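Keep in mind that what you see is a predicted model, and the values were worked out from it rather than measured. Convention: sequence-line order gives letters A, B, ...; per-chain numbering from 1. Both backbone and side-chain heavy atoms feed into the values below; hydrogens, waters and symmetry mates do not.
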Amino acid sequence: MLALVDCNNFYASCERVFRPDLRGKPIVVLSNNDGCLIARSAEAKALGYKMGEAFFQAYRRLDRDKVYVFSSNYALYGDMSARVMRSLGEFTPLVDVYSIDEAFLDLSGFGDLDAHSRDIKRSIEQWTGIPVSVGVAPTKTLAKLANRIAKKWPGKDGVFVLEGPDERYLSKIEIGDVWGIGRQTSKQLTSLGVDTALDLAQLDPRLVRQKFNVVVERTVRELQGISCIPFDEVPPHPQNIMVSRGFKNRVSEKEQLHEAVALYASRAGEKARGKNVYATSITVFLRTSPFAPGPKYSNAATITYPEAVNDTPALIRAATQALDMIFRPGLDYQKAGIMLTGLVYEAERQASMFAAPDTSKKEGLMAVMDKLNDRYGSETLRMASSGTNRPWWMARERLSPCYTTRWSDLAWVRV
DNA sequence: TCTGGGGTCCTAGGACCC
DNA sequence: TCTGGGGTCCTAGGACCC
């Protein structure tokens with residue numbers, strides 16, 4: 001049996017951990033650039049705020065409803081997430097971290113699953129301050145479903161064990177709420193009279209494959225209790241690394257775009273080194289706002305390395321070069337980003353006939369840089385080309401302190 | 001004025017090969 | 001009238017997830 005442990009309203013809960021005065025108060029968290037609402041506390045949901053609502057449209061209502069509004073603080077959420085995941089490791093070594101706020105646990109061999117799940121829930125809340133829900137079932141899709149029931153149904157108190165594909169519960173779950181069934185598939189299924197998880201579970205998987213695809217077929221089997229989605233104890237080999245941001249204001253100067261792209265390349269390098277992978281290619285993309293009137297432009301350029309790299313100078317060099325290939329003067333750019341692809345681990349690196357044979361010096365430099373930045377805070381040491389002034393840097397006007405990752409932001413306690 | 005960021009997997013179609 | 005068959009690899013785009 002698998003348990004899905006899911007943090008409730010994760011970002012909003014993180015903001016509340018160090019602000020106990022906000023218990024019972026409505027909270028929303030904004031996306032990067034304070035663009036739209038991406039997390040809401042239970043109280044904010046009850047007031048009718050929707051996921052993805054544009055902030056500038058909700059602004060007046062939020063003010064009127066006295067909602068506490070936060071810019072997203074990923075340093076805080078990432079660290080709180082790590083605490084939750086580490087805590088889950090106390091219950092079983094078999095933890096499959098699925099996202100920043102969810103993990104599957106393999107509970108095979110455990111006795112009283114309900115009691116055990118309640119213990120997990122209680123402990124995580126006590127140790128981290130983050131409330132969680134636990135759903136237990138034989139497959140990942142059913143565990144997701146069980147978690148939903150644990151969270152939403154009165155009387156379940158955040159824990160629910162679903163022994164198998166029980167009709168009484170599957171019939172109560174709308175098709176669009178099944179994990180893996182999105183808007184498009186949901187629309188098609190409804191038109192065929194498939195309205196609930198139960199309806200879907202009763203279809204013939206082979207027929208579903210013909211009419212839809214393997215993904216939906218797997219979902220059907222998972223709902224029937226046959227596990228098709230593997231449990232990944234070790235994180236799977238990453239396919240790509242992306243860093244992109246919208247600008248605070250529109251940017252048309254090439255120098256500023258160069259700074260931005262250099263900064264994103266540095267971040268991508270840190271991520272790559274953190275995962276121990278090297279990139280074969282780097283792609284830079286650039287676009288104007290899809291909403292604004294006026295000329296629209298969107299383009300990307302890719303540069304392939306003779307030998308896979310992950311050191312920041314090499315990434316910045318190529319990113320700069322790629323940017324020059326797609327930059328058009330006279331446009332108001334809204335966003336830029338970079339993507340590292342063709343990721344390989346050290347052992348899979350293919351040596352180039354032409355590249356310099358010894359890279360140990362570069363690696364040493366990067367290791368020192370990463371270590372300093374880890375210890376003394378991000379960007380303690382950084383590349384000059386990524387800019388100092390950064391007028392384009394995203395707006396985050398309601399940022400909370402980095403309580404757990406920055407010494408100067410530690411919470412004060414008065415006694 | 002103002003609308004997120006970062007991922008995965010699958011499929012279809014084209015290029016190319018023998 | 002009718003123009004092989006079987007493969008691989010790559011890319012773009014769609015759908016989905018949090």
Side-chain angles (χ1 to χ4, degrees), chain A residues 4-12 28-40 50-60 62 69-74 77-78 81 97-104 140-141 144 147-148 175-189 209-210 212-219 228-230 232 235-250 264 267-268 271-272 275 277 280-281 283 285 287-294 298 300 302 304 332 334-343 394-398:
Chain A
L4 172 64
V5 180
D6 187 320
C7 302
N8 301 346
N9 316 319
F10 184 55
Y11 298 168
V28 300
V29 178
L30 305 177
S31 65
N32 275 335
N33 248 325
D34 295 344
C36 56
L37 279 56
I38 52 166
R40 304 150 295 153
K50 297 275 174 285
M51 175 78 179
E53 239 182 297
F55 177 47
F56 77 95
Q57 285 170 346
Y59 186 84
R60 293 185 149 282
L62 289 163
V69 179
F70 292 93
S71 300
S72 39
N73 183 344
Y74 286 100
Y77 312 151
S81 172
V97 177
Y98 174 65
S99 75
I100 193 165
D101 71 333
E102 289 169 68
F104 291 99
K140 282 187 168 180
T141 305
K144 272 275 195 184
N147 190 287
R148 193 181 172 81
I175 193 71
D177 292 333
V178 174
W179 189 44
I181 304 296
R183 280 248 301 279
Q184 298 304 315
T185 315
S186 171
K187 215 160 53 180
Q188 292 177 55
L189 284 167
R209 183 178 198 141
Q210 279 172 30
F212 293 87
N213 54 53
V214 258
V215 183
V216 185
E217 182 198 6
R218 275 202 285 259
T219 301
C228 300
I229 303 171
D232 296 316
H237 191 315
Q239 302 301 304
N240 48 52
I241 288 172
M242 183 137 103
V243 179
S244 76
R245 297 280 183 282
F247 303 126
K248 180 176 183 179
N249 302 114
R250 303 294 166 255
Y264 303 162
R267 274 262 56 219
K271 284 193 193 182
K275 295 170 192 256
V277 290
T280 311
S281 313
T283 299
F285 62 89
R287 69 156 207 231
T288 55
S289 170
F291 299 103
S298 168
T302 302
T304 299
D332 290 329
Q334 178 256 343
K335 184 179 192 169
I338 81 154
M339 184 149 80
L340 304 183
T341 51
L343 302 181
M394 61 183 181
R396 288 150 96 200
E397 301 199 338
R398 296 152 182 268

Does B:dT3 have its OP1 or OP2 closer than 4.0 Å to a side-chain nitrogen or oxygen of A:Ser31? no

Assuming nearest nucleotide by heavy-atom distance, tell me which of A:Asn240 and A:Phe247 is located more 5' along DNA chain B. A:Phe247

Under 4.0 Å, counting only non-hydrogen atoms across every strand here, what does A:Pro238 touch: a base, just sugar-phosphate, or nothing? sugar-phosphate

Distance check: side-chain N/O of A:Arg218 vs OP1/OP2 of B:dC9, anything under 4.0 Å? no

Are the ring of A:Phe291 and the six-membered base ring of B:dT3 within the stacking cut-offs of under 5.5 Å and under 30°? yes

Respond yes when some side-chain nitrogen or oxygen of A:Lys335 is under 4.0 Å from OP1 or OP2 of B:dG5, and no when none is. yes

Judged by each residue's nearest nucleotide on DNA chain B, which is more toward the 5′ side, A:Met394 or A:Arg209? A:Met394

Close aromatic pair by centroid cut-off 6.0 Å: A:Tyr59 and A:Phe56: no

Would you say A:Arg245 places a side-chain N or O within less than 4.0 Å of OP1 or OP2 belonging to B:dG6? yes

Verify the contact: side-chain N or O of A:Ser72 to OP1 or OP2 of B:dG5, cut-off strictly under 4.0 Å; return yes or no. no

For a quick test of reading the model: is some side-chain N or O of A:Lys271 closer than 4.0 Å to OP1 or OP2 of B:dG7? yes

Main-chain N/O of A:Cys36 paired to A:Ser31 side chain as donor or acceptor, under 3.5 Å: yes

